[in-house]
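Residue numbers start from 1 in every chain, and the chains themselves are labelled A, B, ... in the order their sequence lines are given, proteins ahead of strands. Please read all numbers here as calculations on a predicted model, not as lab measurements. Only this structure's heavy atoms are used, side chains among them; waters, hydrogens and symmetry mates stay out.
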Amino acid sequence: MPRRKRRYWLMKSEPEVYSIEDLERDGQEPWDGVRNYQARNSMRDEMAVGDLVLFYHSNAKPPGVAGVARVCTAAYPDPTAFDPGSDYYDPKSDPEAPRWWMVDVEFVERFDALVSLDALKAEGDGADAPLAGMLVIRRGQRLSVQAVEAAHFAHVLKIARARTRVRVR
DNA sequence: GCCAACGTTGGC
DNA sequence: GCCAACGTTGGC
């Protein structure tokens, strides 16, 4: 059986809650608390170990991609849904038929400079732009776990690398 | 702090 | 099954 092609993702986190620096420190983190069905479906049905993730800082000044993570577990039921003491408790999620699923992600890299939403938008403006059609730059896009095209993922890395080179020289 | 976008809920 | 009301996200 041919190996499944690696997929690419963008996952949002408010840095005040959990940042790329936190992930760098911790090494690995359970991505619990997602309570949106589309995001749940992505994690439960489409993610696989080894997939790469753009780690996006939302509700930040400025917002943008702060680094890269990697999916490091298969999907499993989100235990916070069963915990009455958790902010993410969902009394309608039954351990026998879990409603909410999650994966763990591990640290890969922290960009030297944030690739800001403005920078993404600047490269996504126009039909032939490198990031044209990227979901995160669309106005009103709230989905916290988004699929990213391989070419878009590569281009975001290219932006980050270009900045590093300038900074380091 | 405002508010556009949009997902969810619940009445019917 | 429609849709108005409501709640949340998240940029600005």
Counting only pairs under 3.5 Å, give me each side-chain donor-acceptor contact of residues 120-145 of chain A, with atom names and distances, residues two or more places apart or in other chains.
residue  : atom : partner  : partner atom : Å
A/Glu123 : OE1  : A/His155 : NE2          : 2.8

Atom pairs, N/O to N/O, protein against nucleotides 1-5 of chain C, distance under 3.5 Å?
none

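Ring-centre distance between A/Trp100 and A/Tyr37: below the 6.0 Å cut-off.
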Requested in this report: Spell out protein contact along nucleotides 7-12 of chain C as letters: B when the base is contacted, S when just the sugar-phosphate is, - when no protein heavy atom is under 4.0 Å; keep the 5' to 3' order.
Outcome: BBBBBS

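Closest heavy-atom contact between A/Ala75 and A/Met43: CB-O, 3.4 Å.
By the 4.5 Å heavy-atom criterion applied to side chains, A/Trp31 and A/Val34 are counted as neighbours.
Salt-bridge check for A/Arg161 with A/Glu109: passed, with a basic side-chain N closer than 4.0 Å to an acidic carboxylate O. Ion pair A/Arg35/A/Asp78 flagged as a salt bridge, since at least one NZ, NE, NH1 or NH2 atom sits closer than 4.0 Å to an Asp/Glu carboxylate oxygen.
Side-chain atoms of A/Ser116 and A/Asp118 include no donor-acceptor pair closer than 3.5 Å.
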